[in-house]
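I have placed the structure first, in the form of C-alpha cells, so that the comments after it can refer back to it.
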Amino acid sequence: MNSEDVIVYAVPLVAFLASLFISFAFGKNRFTGGLVVIGLLWLGFTVAMFFGMEASPGLDGLGYLVGLIGLSVPVGIGALLGGLVGWFRKENSVDA
C-alpha cells in the first residue's frame, strides 16, 4: 500500500467511521447538542472549502475540491447515517 493509497482510501474511511460512531452515540443518547455541533462543524468546513475554491486562481482550487470529496462528503454521510440510526435505535425502557 503506497502513501497515495492511504490518502485516497484510508483518510476518507477513517473520517466516515469516526463521524458515524460519534453521531450514532449522540443519537442513541438523544444528545441533540452534540449532533448540532457536529453539523455546524461540518457546515463550516464545507463552506470554507467552497470559499477557498472560489478564491483560488486557475487550477489551485483542485485541492479544495479534493478536500470536499475526500473529507466533507464522507463526514456528512457518516454523521447523517449514524445520527438517524442512533436516534431510531434508542431502547425504550419500561418500568415494571
Side-chain angles (χ1 to χ4, degrees):
M1 181 174 258
N2 300 336
S3 62
E4 294 90 10
D5 293 339
V6 170
I7 292 172
V8 171
Y9 298 116
V11 171
L13 181 66
V14 168
F16 172 76
L17 291 175
S19 67
L20 180 80
F21 288 123
I22 292 170
S23 296
F24 178 78
F26 286 159
K28 192 167 183 179
N29 294 327
R30 302 280 170 111
F31 184 51
T32 57
L35 292 173
V36 168
V37 167
I38 287 177
L40 289 176
L41 287 173
W42 173 76
L43 179 66
F45 177 78
T46 304
V47 168
M49 288 290 120
F50 274 119
F51 282 143
M53 189 168 47
E54 181 182 343
S56 298
L59 294 176
D60 292 340
L62 290 178
Y64 294 105
L65 182 65
V66 169
L68 281 171
I69 293 172
L71 288 176
S72 183
V73 172
V75 168
I77 292 172
L80 182 67
L81 289 177
L84 286 175
V85 170
W87 192 270
F88 291 118
R89 297 270 310 210
K90 170 122 175 93
E91 298 169 359
N92 295 329
S93 61
V94 177
D95 295 331

**Message:** With a 4.5 Å cut-off on side-chain heavy-atom distances among I, L, V, M, F, W and Y, is there a chain of contacts connecting Phe21 to Phe16?
**Reply:** yes

**Item:** In one Ile/Leu/Val/Met/Phe/Trp/Tyr side-chain cluster, 4.5 Å: Leu20, Ile77
**Value:** yes

**Message:** Quick check: is Val85 connected to Phe26 through a chain of hydrophobic side chains (ILVMFWY, heavy atoms under 4.5 Å apart)?
**Reply:** no

**Message:** For a quick test of reading the model, state the closest non-hydrogen atom pair linking Lys28 to Arg89 and the distance between them.
**Reply:** CE-O, 4.3 Å

**Fill in**
Note: with side-chain heavy atoms under 4.5 Å as the link, the other cluster members for Tyr9 come out as Val8

Can you give the donor-acceptor pairs under 3.5 Å from side chains of residues 39-51 to other protein atoms, not counting sequence neighbours?
{"residue": "Trp42", "atom": "NE1", "partner": "Ser72", "partner atom": "O", "Å": "2.8"}
{"residue": "Trp42", "atom": "NE1", "partner": "Ser72", "partner atom": "OG", "Å": "3.2"}
{"residue": "Thr46", "atom": "OG1", "partner": "Trp42", "partner atom": "O", "Å": "2.8"}
{"residue": "Thr46", "atom": "OG1", "partner": "Ser72", "partner atom": "OG", "Å": "2.7"}

Distance-only check: which donor-acceptor pairs under 3.5 Å involve side-chain atoms of residues 59-66, not counting sequence neighbours?
none

**Message:** Between Val75 and Leu81, is there shared hydrophobic-cluster membership here, with clusters defined by ILVMFWY side-chain heavy atoms closer than 4.5 Å?
**Reply:** no

**Shortest non-hydrogen contact from Val73 toward Ile69** = CB-O, 3.8 Å

**Prompt:** Taking all non-hydrogen atoms of both residues, which atom of Ser23 and which atom of Ala79 are closest, and how far apart?
**Reply:** OG-CA, 3.3 Å

**Prompt:** If you measure from CG on Asn29 to CZ on Phe24, what distance do you get to the nearest 0.5 Å?
**Reply:** 9.5 Å

**Asked** Given side chains that start at C-beta, do those of Leu35 and Trp87 come closer than 4.5 Å, heavy atoms only?
**Response** yes

**Request:** Would you kindly confirm whether Leu80 and Ile22 end up in one hydrophobic cluster when ILVMFWY residues are joined by side chain heavy atoms under 4.5 Å apart?
**Result:** yes

